[in-house]
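Report on one structure; see the data block that follows.
Per chain, numbering begins at 1; letters A, B, ... match sequence-line order.
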Amino acid sequence: MHPTKAVSRRLQRRTLRDLQRLLGPENVLHEPEDLLLYEYDGSVEVARPDCVVFPQTTEQVVGIVQIARRDRVPIVGRGAGTGLSGGALAREGGIVVVFSRMNRILEIDLENQRAVVQPGVVNLDLTKAVEHAGLYFAPDPSSQKACTIGGNVAENAGGPHTLAYGVTTNHVLGLELVLMDGSVVRVGSRAPDPPGYDLTGLLVGSEGTLALVTEITVRLLRSPEAVKTLLAVFDRVDDATATVVEITARAITPAACEMLDGWTLRAVEDFIHAGFPLDAAAVLLIELEGLAEAVEAQAVQVFDVCTRCRAREVRLARDEAERQRLWAGRKNAFGAVGRLSPSYYTQDGVIPRTKLPETLRRIEQIGATYGFQIGNVFHAGDGNLHPIILFDSRDPDQFARAVAASTAIMEHCLSVGGALTGEHGVGMEKSELMPRMFTEDDLELMRRVRDAFDPLGLLNPGKILPLGKGCGEIRVQPLPLRAPQSA
Amino acid sequence: MSTPGTAALTRLADLVGAEHFWTDPTGLSRYVVDGRWPRAAVQPGSAEEVAEVVRLARAEKLALVPVGGGTRLGLGMPPSRYDVAVDCSRLNRIIAYDPGDLTLGVEAGMRVAALDAVLARHGQMLPLEMPFFDAMTIGGMLASGSSGPQRQLYGAPRDFLLGAEFVTGEGRRAKSGGRVVKNVTGYDFHRLLIGSLGTLAIFTVANFRTFPRPPAQALFVISFAELGGALALRRALAQSPLTPTAIELASPALVRLLGPDAALVPPGHWSVWVLAGGESTVVERHARDLERMARSASRTAFARLDAESMNPLWTRLREFPSLAREASPAPTLVKCNMLPGELGTLAAHAENIAGRHRLPCALLLRGVGILYVLLLPEETGEETLARLAAAAEELLQTGTEYGSAVVEACPVELKRMVHVWGSAARRNDLELMRRLKQVFDPDHVLSPGRHIGGL
């Protein structure tokens, strides 16, 4: 593999000393063996920071920013490190700020369905804290047992149920920010429609390039009274994709609509025993939620569509245990695939849903052309693909072909009107592909907005925006290596 | 300061074509903002023409105000400079509609109502029922940060806008987002521009996700002798599994504005207007549960109007700001934003403030946490204006204690006495907004001075 080389810049002695004074030596890691873990996140990239710090208060974050600014050291925020695009990696070295010790839920307002949390709160822990009152936090990335809400905000994280409920940005109402000039600013509000520009909307999904987030106000949803989970089994991939197209076209809105192709579901079944039929070409996992009457009506419609589209079988999960097994199969699919191949690479493209059948056929062709098995397990309902390319990264020829296959898939997504990333983020994985989707004027505007927040370019440098023409850095294409988990 | 030279105006005319250029008072009267007249108005025919107009204006130091349907030009403070109105109504095409994907790309000058008619033919819709529905354009709706009762279920436009194309104050065309329902590629400028009142950029295209039109709908109008009962019903609804499309609470005075059709609410009573949509079984479930909840909250009347019979009453409620114009020569609308649980407290404050200043007032409370206070003075003398200003000022202050408050509509003279953005101008994120203004519109070509803090 050819990981992107971090431009290691040794910290000045005083930088480290002042960080230790500010946070206590126990909250500053700088020995190479201690830094090892922070060279990685959930992506395929590697970059070594110069030190890692663990603040506990907003004031400490301000102090860190002031030191970094004084000594011109890059600074990168990090939650649990589950991100899939290299967002939490110190591409140019510097200080990684880990928010795991700012993990308190500061306030829960059950009546108004709001919560105020620190960025290090684990996604699922917020739901656990409010589920007794019938509430939950809607964004549900597959890493939700580990990933933090701060990380969700940075990446605008999604998950299977975003089909009905929207992604992180639809659930974040306000933020406390530490800016690179050391100021603390509050944007948004608990109340609707704060006057002025929607800075919260700009900040969510900005991948840690505009500010460090130290507090988050979120909306909580009421748990639905009824849930039905269906497994539709198909003998042909085309029938499964046609079903998704038809469900969308009839404007049936499931809470989730996930697809696993035959190859993937066999890999999963071998490992998880979710109950997927081994001889199927594809399955759809469809979840309906809401008012009992709405779920009932939708179930009838979904059964009808599946049958018309030649589903071999449509099975309704009889109880919670069966439902959990089916979801375990979906959520552990990437782990299951990981057992089969020395390396694999998961893409994250988006297409209009009407283009699903032709796109899956195209992916199969691409696999054949480049000589790979490409598995598909993805958020079919919102056209968010996650093709998995299996290969052996120790073989340079395979590596090059895997890169080419991956690029071919992304090119197809863009050619049918899609987007580069649906939920994993641009990070350092796709920054060089940005010019394929945006004009130079679009990118220039993004660059200038970033500069307006961070004139010195110290905050998470080398992310989102392409490194630019003529800067001389040789950039390896997006790197397939491994992917522990995907959304 | 910036008197446009004849030469500059001639070039503008050449740019868009003489038939899309006005300097005469009749042609310009539609574009008056807070009593300020532009020198000229242009109707560009393409996004590129919009960009050329902006570039020319920037070079010639002309101030522009983008105009859509002209329905909400009174928002914000009067522009500090105003030379040319940029009327976007010729940008009125649907550029991509994929009903099977439930996605849409539409030019910013298209009227919301016209778009709705197209979507209806495919059994789809955008949840954009809001005041000025018939005249408002997509770009104006977004730029003014407008929303309506359906946001209870569907969220505000920021929640279903997928991407946009726009022209910045430097006259550069740019875009953000895309036309797919899930996308995290790049900064979300399209959200930033919502509610920016045309001070950062001019929308040229907006991409949305569309929604199925509910097969069945019903409007429930439930009356209570006191506000307390209405609030209790709102609370019970919020804690129930029901999924109403809209929850609006109307004060007795607001119901009076609706006219004789509103007789289903006993005179002097508060009312809760609940819209429910979906399959007929879903609507019936709402009917059953609402009936039960209303009874335990001691309702005085319960009416149900089905899809065929709910208009024109529902439309009149939606258009309440226009009704105010029929009721008062100087209607003033203050919008207060708060947590839903504080609606009752603030409503009581508002009635109290209006009463102390001897001003008739009507209230509309939206379940998501918005209180509209309509002050309805009976005449426009100087003394009345002074009372109006004092009441507005107090409402802004009190509203800000609970969240935020702005004056959304008022007589022009009031803007000399009251800062319509209230204390929003003291928010500590204003400096960030200034920096963004500097990036998007460094020479203050677009809508100068209308937004908070003189943005």
#### Entry: Straight-line distance of B:Arg435 CZ to A:Asp451 CG, nearest 0.5 Å
11.5 Å
### Query
Is a side-chain N or O of B:Arg285 found less than 3.5 angstrom from the main chain of A:Ala294, in a donor-acceptor match?
no
## Note on the structure
Of all heavy-atom pairs linking B:Lys182 and A:Gly422, the shortest is CG-O, 3.4 Å
### Task
Kindly say whether A:Ala191 contributes a backbone atom to a donor-acceptor pair with the side chain of B:Asn337 at under 3.5 angstrom?
no
#### Entry: Whether B:Arg191 side chain and A:Leu202 backbone form a donor-acceptor pair below 3.5 Å
no
#### Entry: Among B:Leu102, B:Val180, B:Val181, B:Thr103, the one residue meeting side-chain contact (heavy atoms from CB on, under 4.5 Å) with A:Pro352
B:Val180
## Note on the structure
Nearest heavy-atom approach of B:Ser404 to A:Pro194 is OG-CA, 4.1 Å
### Query
Do side-chain atoms of A:Asp441 reach the backbone of B:Ala174 as a donor and acceptor pair under 3.5 angstrom?
no
Show me, pair by pair, the donor-acceptor contacts under 3.5 angstrom made by side chains of residues 236-244 of chain B, not counting sequence neighbours?
{"residue": "B:Ser240", "atom": "OG", "partner": "B:Leu237", "partner atom": "O", "Å": "2.8"}
{"residue": "B:Ser240", "atom": "OG", "partner": "B:Leu242", "partner atom": "N", "Å": "3.1"}

### Query
What is the minimum heavy-atom distance between B:Thr185 and A:Phe438, and which atoms define it?
O-CZ, 3.5 Å
#### Entry: Distance (rounded to the nearest 0.5 Å) between B:Leu432 CG and A:Leu199 CG
6.0 Å
### Message
For a quick test of reading the model, state the closest non-hydrogen atom pair linking B:Val406 to A:Pro195 and the distance between them.
### Response
CG1-CG, 3.8 Å
### Message
For the interface with chain B, which of A:Thr421, A:Val167, A:Val185 has the highest count of heavy-atom pairs at distances below 4.5 Å?
### Response
A:Thr421
### Query
Are there residues of residues 142-156 of chain B that reach to under 4.5 Å of chain A by heavy atoms, and which ones?
B:Ser147, B:Arg151
#### Entry: When B:Glu279, B:His122, B:Arg213 are compared by non-hydrogen pairs under 4.5 Å with chain A, the top option
B:Glu279
